[in-house]
Amino acid sequence: MKVVENLAGIRTKIEQACDRVDRSPNDITIIGVTKYVTIDRAKETFAAGITNLGENRLEGLLEKQAELEQDVHWHFIGSLQSRKVKDIIDKVDFIHSLDRQSLAKEINKRASKHTPCFVQVNISGETSKHGLSKDEVIPFIEKLASYPHIQVVGLMTMAPFTEDEALIRNTFRELRLLRDKIMANNWQHAPCSFLSMGMSNDYMIAIEEGATHIRIGSELVGPYDN
C-alpha cells in the first residue's frame, strides 16, 4: 500500500473522530514520523501532502533534510540530550521533548530566535517514559519566562501502550485539562494552545480529547523496515 493511500484512510478516520466531538479536521496537524524509514519513503510522504515530518535522531534528520524540499516543517520528537542541542537547534521548527531546566537553558543559549517547544509531560507516571510529572509542569513553565528564546506552544504526552481505552482517554484528557490551566494564565512566553498527543494506535481517541498534533508512523509510512 502506498503512503498516499494510507493517508486517505487516516484522513477519513480523522474526519470521523472530529465529527463525534464537533471539531474541524483542519485543526489537526499530521506529523509524519519518518524516523525508521528510508529517504525515498520520506519523499513519498512529503509528495502525498504531509509537510510536517518528525525525526528523533540528528543523523536521520540531516540525511532527510539534505534530500527533501525546503518547505518541510521539521519536528524533533525524541528525547533530546543537552549536548546535542547545538547540532539541531537551527535545523528544526518544533521541539516536542522539553522536560528539564538544563535543556531549556541550553536551547535558550544556542537559539538565535524564538524556538517553539512542547513541554513533555509523563501523565501516566510510567518509569519507562520521559517527561515532567503533572504537578511539575506549571512551575516549570512559569520559570521559562526568563528564557527569551523559548516559546512554549503546547504540551506533549504519550499514552500507555494498552488496549484499555478508558486509561488512554484519561491520559489525554488530563493533558488537555492541564493545558487549559496554563492557557488561562495568558503568559506571553507560553501561549500553550497545542496538544501533541496520539500515535498510530490511539490518535482517534487523542483527537476526541483535543489533540492538535498527532504523530503518525507505521499507519502512514508503512512498516519501519521499508
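Keep in mind that the numbers below use all heavy atoms, side chains included, and drop hydrogens, waters and symmetry copies. Positions are given from 1, in the same order as the sequence printed here.
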**OP:** Please report the C-alpha distance between V121 and M156 in whole Å, then the side-chain angles of each, then the deciding distance to 0.1 Å, and finally whether the side-chain contact (heavy atoms from CB on, under 4.5 Å) criterion is met.
**Re:** CA-CA 6 Å; V121 189; M156 185 275 266; over 6 Å; no
Original post:
Quick one: do E208 and R169 make a salt bridge, cutoff under 4.0 Å?
Top reply: yes
Original post:
For N56, what residues pass the side-chain contact (heavy atoms from CB on, under 4.5 Å) criterion, not counting sequence neighbours?
Top reply: K35, Y36, I77
Subject >> Flag, side chain of K86 to backbone of E106, donor-acceptor distance under 3.5 Å >> reply: no
Subject >> Side-chain donor-acceptor contact under 3.5 Å, R215 with S196 >> reply: yes
Subject >> Stepwise side-chain contact (heavy atoms from CB on, under 4.5 Å) check, L58 with I88 >> reply: CA-CA 7 Å; L58 174 65; I88 69 136; 3.4 Å; yes
Original post:
Going by heavy atoms in the side chains, are V119 and L132 under 4.5 Å from each other?
Top reply: yes
Original post:
What pairs with R57 under side-chain contact (heavy atoms from CB on, under 4.5 Å), at least two apart in sequence or on another chain?
Top reply: E59
Original post:
Is L178 reachable from I168 through a run of I, L, V, M, F, W or Y residues, each pair having side-chain heavy atoms under 4.5 Å apart?
Top reply: yes
Original post:
Is there side-chain contact between Q151 and C117, with heavy atoms separated by less than 4.5 Å?
Top reply: no
Original post:
Sub-3.5 Å donor-acceptor pair from the side chain of D164 to the main-chain atoms of A166, do we have one?
Top reply: yes
**OP:** Might you point out which heavy atoms bring D99 and G131 nearest each other, and give the distance in Å?
**Re:** OD2-N, 3.8 Å
**OP:** Side-chain contact test, heavy atoms from C-beta onward, threshold under 4.5 Å: evaluate it for H75 versus N52 and give yes or no.
**Re:** yes
Subject >> same_hphob_cluster(I39, I31) at 4.5 Å side-chain heavy-atom cutoff >> reply: no
Original post:
Would a hydrophobic clustering, with Ile, Leu, Val, Met, Phe, Trp and Tyr connected at side-chain separations under 4.5 Å, put L62 with L80?
Top reply: yes
**OP:** Flag yes if F194 and V92 sit in one hydrophobic cluster, no otherwise; membership is Ile, Leu, Val, Met, Phe, Trp, Tyr, and two members link when side-chain heavy atoms are under 4.5 Å apart.
**Re:** no
**OP:** May I have the step-by-step check of side-chain contact (heavy atoms from CB on, under 4.5 Å) for T212 and S193, ending in yes or no?
**Re:** CA-CA 9 Å; T212 60; S193 56; over 6 Å; no
Original post:
Can you find a heavy atom in the side chain of L195 that is under 4.5 Å from one in the side chain of T157?
Top reply: no
Original post:
Residues in salt bridge (charged side-chain N to carboxylate O under 4.0 Å, His left out) with E163, at least two apart?
Top reply: none
Original post:
Who passes salt bridge (charged side-chain N to carboxylate O under 4.0 Å, His left out) against K143, sequence neighbours left out?
Top reply: none
Subject >> Minimum heavy-atom distance L103-V85, with the two atoms named >> reply: CD1-CG2, 3.5 Å
**OP:** Supply the atom-to-atom distance E126 CD to F161 CZ, rounded to the nearest 0.5 angstrom.
**Re:** 11.5 Å
Original post:
Would you find a donor on one side and an acceptor on the other, under 3.5 Å apart, between the side chain of K91 and the backbone of D87?
Top reply: yes
Original post:
So do the side chains of M199 and M158 get within less than 4.5 Å of each other, counting heavy atoms only?
Top reply: yes
**OP:** Answer yes if F76 and I214 sit in the same cluster of Ile, Leu, Val, Met, Phe, Trp and Tyr residues linked by side chain heavy atoms under 4.5 Å apart, and no otherwise.
**Re:** yes
Subject >> Atom of L53, atom of A42 and distance for their closest heavy-atom approach >> reply: CD1-O, 4.4 Å
Original post:
Per the side chain to side chain contact (heavy atoms under 4.5 Å, CB included) rule, which among D202, L177, I207 passes with F172?
Top reply: D202
Subject >> Lys/Arg-Asp/Glu bridge criterion (N-O < 4.0 Å) met for E219, K13 >> reply: yes
**OP:** Decide yes or no for C18 and I28: does some side-chain heavy atom of the first lie under 4.5 Å from some side-chain heavy atom of the second?
**Re:** yes
Subject >> Exercise: identify the closest heavy-atom pair between V3 and T45 >> reply: CG1-CA, 3.8 Å
**OP:** Could you label the plane-to-plane angle of the F118 and H213 rings as parallel, tilted or perpendicular, counting under 30° as parallel and over 60° as perpendicular?
**Re:** perpendicular
**OP:** List for me each residue that meets salt bridge (charged side-chain N to carboxylate O under 4.0 Å, His left out) alongside E15, sequence neighbours excluded, and say none if there are none.
**Re:** none
Subject >> Check: V37 main-chain N/O paired with T34 side-chain donor or acceptor under 3.5 Å >> reply: no
Original post:
Just wondering, do I216 and N6 contact through their side chains at under 4.5 Å, heavy atoms?
Top reply: no
Original post:
If we only count heavy atoms from C-beta on, is the L144 to V152 side-chain gap below 4.5 Å?
Top reply: yes
Subject >> H130 side chain to N122 side chain, donor-acceptor N/O pair below 3.5 angstrom >> reply: no
**OP:** Hey, could you give me the CE/CG distance between M183 and L155, rounded to the nearest 0.5 Å?
**Re:** 10.5 Å
Original post:
CD1/I205 to CG/N201 distance, rounded to the nearest 0.5 angstrom?
Top reply: 8.5 Å
Original post:
Between Y203 and I14, what is the shortest heavy-atom contact and its length?
Top reply: CE1-CG1, 4.2 Å
**OP:** Please say whether more than 12 non-hydrogen atoms of neighbouring residues, nucleotides or ligands are located less than 6.0 Å from CD in Q101.
**Re:** yes
Original post:
In Å, rounded to the nearest 0.5 Å, how long is the span from CG of L7 to CD1 of I30?
Top reply: 5.5 Å
**OP:** Can you measure from CZ (R20) to CE (M204) and round to the nearest 0.5 angstrom?
**Re:** 4.0 Å
Original post:
Any Lys/Arg nitrogen of E44 or K2 sitting under 4.0 Å from an Asp/Glu carboxylate oxygen of the other?
Top reply: no
Original post:
Does atom NZ of K181 have more than 12 heavy-atom neighbours, drawn from other residues, nucleotides or ligands, at distances under 6.0 Å?
Top reply: no
**OP:** Taking R176 for its side chain and E209 for its backbone only, find out whether a donor-acceptor pair lies under 3.5 Å.
**Re:** yes
Original post:
How long is the gap from OG on S24 to CG on D19, to the nearest 0.5 Å?
Top reply: 9.5 Å
**OP:** Could you tell me whether the side chains of T115 and H149 share a donor-acceptor contact shorter than 3.5 Å?
**Re:** no
**OP:** Compare every heavy atom of K105 with every heavy atom of Y147, then report the nearest pair and how far apart it is.
**Re:** CE2-CA, 3.7 Å
Donor-acceptor contacts, no H, no angles, side chain residues 134-142, under 3.5 Å, sequence neighbours left out:
unit_1	atom_1	unit_2	atom_2	d
K134	NZ	E174	OE1	2.8
E136	OE1	S133	N	2.9
E136	OE1	S133	OG	3.2

